[in-house]
Amino acid sequence: MKKKLSAQLLDQRVNYASFEESWYKRWNDSGAFLPLSDRLEQEGRTKEADIAKKEHFSIVIPPPNVTGKLHIGHGLNTILQDILIRYHRMLGKNVVWIPGTDHAGIATQNVVEKIIEQEGNSRETLGREMFVTRVAAHAEEHRNIIREQLEKLGASCDWTRDNFTFSDRLSQVVRDVFVRLWEKGLIYKGHYLVNWSTKSQTALSDDEVEYKSVTGKLYYVQYPLVDSDAVLTVATTRPETIFGDTAVAVNPEDERYAAYVGSLVRLPLTDKKIPIIADAHVDTSFGTGALKITPAHAINDYEIGKRHNLDVVNILNTDGTLNDTVPEEFRGISVQEARGLAAQKLEEEGFLEKTEPHTHQVGYCYRTGVPIEPYLSEQWFVKMKPLAEQALQTWEEQGLTFFPERWKNTYLHWMNNIRDWCISRQLWWGHRIPVWYNSETGESIVSRDDPHTIPEHAGKKFHQDEDVLDTWFSSWLWPFSVFGWPEKNSDVENFYPTSTLVTGYDIIFFWVARMVMAGLEFTQQNPFRDVYITPLVRDKKGRKMSKSLGNGIDPLEIIEMYGSDALRFTLSYQLSQGTDLLVDAESFSFGSRFITKLWNASRFIFRMMDDVVPCRWEDIALDSTDKWMINCIEAVTNQVHTAMAEYQFNGAAHVLYDCVWGDYCDWYVELAKRHLYSEDIEIRSRMVNLLLHIHKRILTLLHPFLPFVSEEIHSMIPEAIRHETELIVTEYPIFCEDLMYNEEGMRFATMQTIVRAIRSTRSEFSISPKKQFRCVIEVLVDDPVYSIIVAFQEEICFLCNIDAIELCQTFDYSFTPMTRILDNVRIHLDIRSMVDDEKELQRLHKQIDKITKVLKQCEQKLNNKQFLEHADPSVVQQQQELYELSHTHMKQTKEIVEMVKGAPE
RNA sequence: GGGCGAAUAGCUCAGUUGGUAGAGCGCCUGCUUUACACGCAGGAUGUCAGGGGUUCGAGUCCCUUUUCGCCCACCA
């Protein structure tokens, strides 16, 4: 083996920057991110390509918004998808991961509007066309930024299939779907009370409203009766909406007000007269039991108004200021200001009886954070019930599994309580609603194409509906629109339905549930088989990461500091299924240390291969230690597969970590040194070859989790031994039970126990690691441990730094050793002259306490008839053995105590 | 009001058919041993939130209480 190591192997630290970017480029350029079938077809291997198509694994990325940069939550989401993609790619499936971005109507429009405002402009002065161009440029810029970030994270997605929710093709799909739903009668237009964002001046869907608990005031306002001196006091949190009141309602059962029903009250601050009505909705126990009804500005009031044919008086402009229906001094001021002013006026004029502090839920716009106003306007809606019912009926038989399973409930709950979906937005950035109005007749046409281009409508003039569609109206089609649906092309055929969706729980309603409905409605299939719900990434104090708190973590900064693999490994290792993920920048040193460890082990092995001739795995004779190591790796392989099948990323990361650091580095590589420092070239050669082969296997197992560094190290393995292909397209190790050496595994574990006992004693008495001492092990010849010690004699000596082990059947106590008892074995160490007997006595007494405890527990169980009758016989036997063993230990430990006490210093 | 989740070492968390409690970080001791001091070897640390139940046996299953977090729905 010629020593052809890269210079960086000299470094004890991994220089991530030197290879991460270049590996990404190499993978992408080599077509590794393409589906296997594409790669084979490109090579003209069509038959094999056809076979490859039989089993696919596909993921569509939850498209990030083109508003800004990716945060650590995106990082986690991306990493998990990439682990899945790489894992399944290595399993030989026809894998594709579709990248893409979301035009994010309201969010992006907001961001760009802010920029424009800073320039002293407004979208109105720019005009719609200019504004949209401007937003498009912003979107394009951020699509590139996002792509770069995904590349840095190692995302192995197929960039030839990149998508954008606002691309021409996907826009066509959106129009197509709109028309289909319209034709089915599932889309309607009408005047309704909707959630209105006064900041963006658009309607929102119910799901886009975030409720927060707010402490405000409850105002008790007196409404004088018209025909008497009596007053009716209502309690309200919104005195400013008094101008929109068209009735006062009381509960029909409420005897206090029964006499008033049907009479009129005068609206304070105005001269309007409104009726007192009875409606069962009114809660007699809240406030005064009298409720002012403002149909235009409260959902329930609107419903009550409809029942009683009340007038609907809208008092707001679209920007949330009061309009011309209100008294002069209120016009043009904001709701907030109007509330204060109304309260003041009411007080001045003697209508305000009292105020009380009051906590209630207030809706806010999820994008701009401004309070939502219920606002009467003409909007487009999708009738969701039929879609939801269909989905509820079929989604389960079609097999959709949530991981963790409990999120199914969240999803089902929403489906079962579905409400119609307001899909029109009064924005400029988004898919225009595909409805045109005849400029002369006003007659409307719902069409996939501009009617001006349709011969049937030649000569007529149309204008398109001004509104755009909710962003989610394109997102809910994402799992199939990205493949080219409704076209019946090969991508749809090969990759749809997709395999797994990886997303956060915050968008189960917005997105996951709607995708299922769309999938079933338009493709008669669930759009994905599994849904993996990621936890949220929070700071160490458990707070959500946010710009205002400044506690956010930029994944790029972490990559800069520790490397992409460290970010990936830390997140996947720390991930838990139950709770959110708590991290700060320093957390990532965990992954970094692991990679450094792997790196240094690699360095060490590579340095040993100077004059060694590579050989095949099959030609290497294995000793017990080798078999134990292989056994560990097989077991880990099995555990990784099991964990991955259940989306237990952390489980897989844990077993890999433990195996690499614990079994491999701490034990196997350490023991290998025995051979590596040998004078005999044969011995050295065997060991180096073995290490290289095992190292290769480990790197292959690690690849989905540590793609960059595993690929880099793998590339340094001599050609004769390393995989023919790059790791990214190498076959993932399959668990093979026949390769298990369980017997060797157990024997090695016994050896480890002996080593630990000796090391522990050495350390406990602060005996220098260099100091040698005599070691006699007392064990019966027919005890299985005897043969283990014989077999591993050299290993034990090497690991404990002792010269030799003397085995005996009965020990001659004349040389006053320190004794350690393990099972049926007594280890006698000649260190009495180096240690403090008091210390040893303390330790022995502690041990006696421990054994006493175990004995007590055993006795309790073994004296219990119920236990003997009910417990599994193997468990009973185990207890019996433990009891006997502990008994012997006790006896022997006491003997040792006596010996130490009696022995001369 | 309804639902969900969490509570295990100082901190962050594993602990998937019930059978003698684990890791990492931090802490303490020893070691610059020719891969790694982002290291090695060793060590200390727990009323598994409280209570009750099922069971021979419960961190694990059931009930209940408390605290924290989240979601949904709401009384203006």
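Labels below follow one simple rule: chain letters A, B, ... track the order of the sequence lines, proteins then strands, and each chain is numbered from 1. In this text, all values refer to a predicted model and were calculated from it rather than measured experimentally.
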If you compare every side-chain N and O of [X] against the phosphate oxygens of [N] (OP1, OP2), does one of them come in below 4.0 Å?
X	N	result
A:Thr579	B:G69	no
A:Trp661	B:A35	no
A:Lys597	B:C40	yes
A:His413	B:G2	no
A:Lys673	B:A35	yes
A:Gln12	B:A37	yes
A:Tyr657	B:G22	no
A:Arg538	B:A6	no
A:Arg593	B:C36	no
A:Arg13	B:C38	yes

Students often get this wrong, so: under 4.0 angstrom with heavy atoms, is [X] touching a base, only sugar-phosphate, or nothing?
X	result
A:Glu670	base
A:Asp666	sugar-phosphate
A:Asp580	sugar-phosphate
A:Leu882	base
A:Ser589	nothing
A:Asp283	base
A:Thr410	nothing
A:Arg762	nothing
A:Arg419	sugar-phosphate
A:Cys858	nothing

Nearest-angstrom distance, [atom1] atom, [N] to [M]:
N	M	atom1	result
B:U47	B:G22	P	16 Å
B:A44	B:U32	P	24 Å
B:A35	B:C48	P	44 Å
B:U8	B:G46	P	15 Å
B:G5	B:C62	P	11 Å
B:G1	B:A58	C1'	34 Å
B:A41	B:U33	P	15 Å
B:G59	B:A49	P	10 Å

Checking base pairs now: Watson-Crick or wobble, both atom distances under 3.5 Å. What partners [N]?
N	result
B:G26	none
B:C31	B:G39
B:A44	none
B:A73	none
B:U17	none

Go through [options] for me and flag the one nearest to the [X] side chain.
X	options	result
A:Asn864	B:G42, B:A35, B:C56	B:C56
A:Arg759	B:G42, B:C4, B:A76	B:G42
A:Ser763	B:C13, B:G42, B:A35	B:G42
A:Gln878	B:C56, B:U20, B:A76	B:U20
A:His360	B:A76, B:C56, B:G42	B:A76
A:Phe590	B:G24, B:G19, B:A35	B:G24
A:Phe509	B:A35, B:C72, B:A76	B:C72

statement: Of A:Glu646 and A:Leu581, the one whose closest nucleotide on RNA chain B sits nearer the 5' end is A:Leu581

query: When the nearest nucleotide of RNA chain B is assigned to A:Gln648 and to A:Phe594 on a heavy-atom basis, which residue is associated with the more 5' position?
result: A:Gln648

- request: Given side chain to side chain donor-acceptor pair (under 3.5 Å), test A:Tyr219 with A:Glu356 step by step and report yes or no.
  value: CA-CA 7 Å; A:Tyr219 300 84; A:Glu356 280 173 359; over 6 Å; no

- prompt: When A:Phe590 is tested against each of A:Tyr562, A:Trp661, A:Tyr657 for ring pair (Phe, Tyr, Trp, His ring centres under 6.0 Å), which residue passes?
  reply: A:Tyr657

query: Which residue, A:Trp414, A:Phe402, A:Tyr505, forms the ring pair (Phe, Tyr, Trp, His ring centres under 6.0 Å) with A:Trp407?
result: A:Tyr505

Can you check the [X] [atom1] to [N] [atom2] distance for me, whole Å?
X	N	atom1	atom2	answer
A:Met608	B:A35	CE	C1'	8 Å
A:Lys839	B:A44	NZ	P	12 Å
A:Asn600	B:G39	CG	P	10 Å
A:Gln752	B:A41	CD	P	11 Å
A:Gln639	B:G15	CD	P	13 Å
A:Gln842	B:A44	CD	P	13 Å
A:His654	B:C25	NE2	P	12 Å

A:Phe403/A:Tyr532 aromatic ring centres below 6.0 Å: no

message: Strictly distance-based, threshold 3.5 Å: is any side-chain N or O of A:Asn650 a donor or acceptor partner for the main-chain N or O of A:Tyr573?
response: no

Main-chain N/O of A:Thr284 paired with A:Arg256 side-chain donor or acceptor, under 3.5 Å: yes

task: Decide ring pair (Phe, Tyr, Trp, His ring centres under 6.0 Å) for A:His887 and A:His889; before the verdict, give the C-alpha distance in whole Å, the side-chain angles of both, and the deciding distance to 0.1 Å.
output: CA-CA 5 Å; A:His887 205 73; A:His889 284 186; over 10 Å; no

field: Spatial distance of atom OH (A:Tyr223) from atom CG (A:Leu232) [nearest 0.5 Å]
entry: 9.0 Å

message: For A:Phe606 and A:His695, take the angle between the two ring planes, folded into 0 to 90°, and tell me which bin it lands in: parallel under 30, tilted 30 to 60, perpendicular over 60.
response: perpendicular

- line: Which of A:Ile717, A:Leu692, A:Leu691 passes side-chain contact (heavy atoms from CB on, under 4.5 Å) with A:Met609? It is A:Leu692

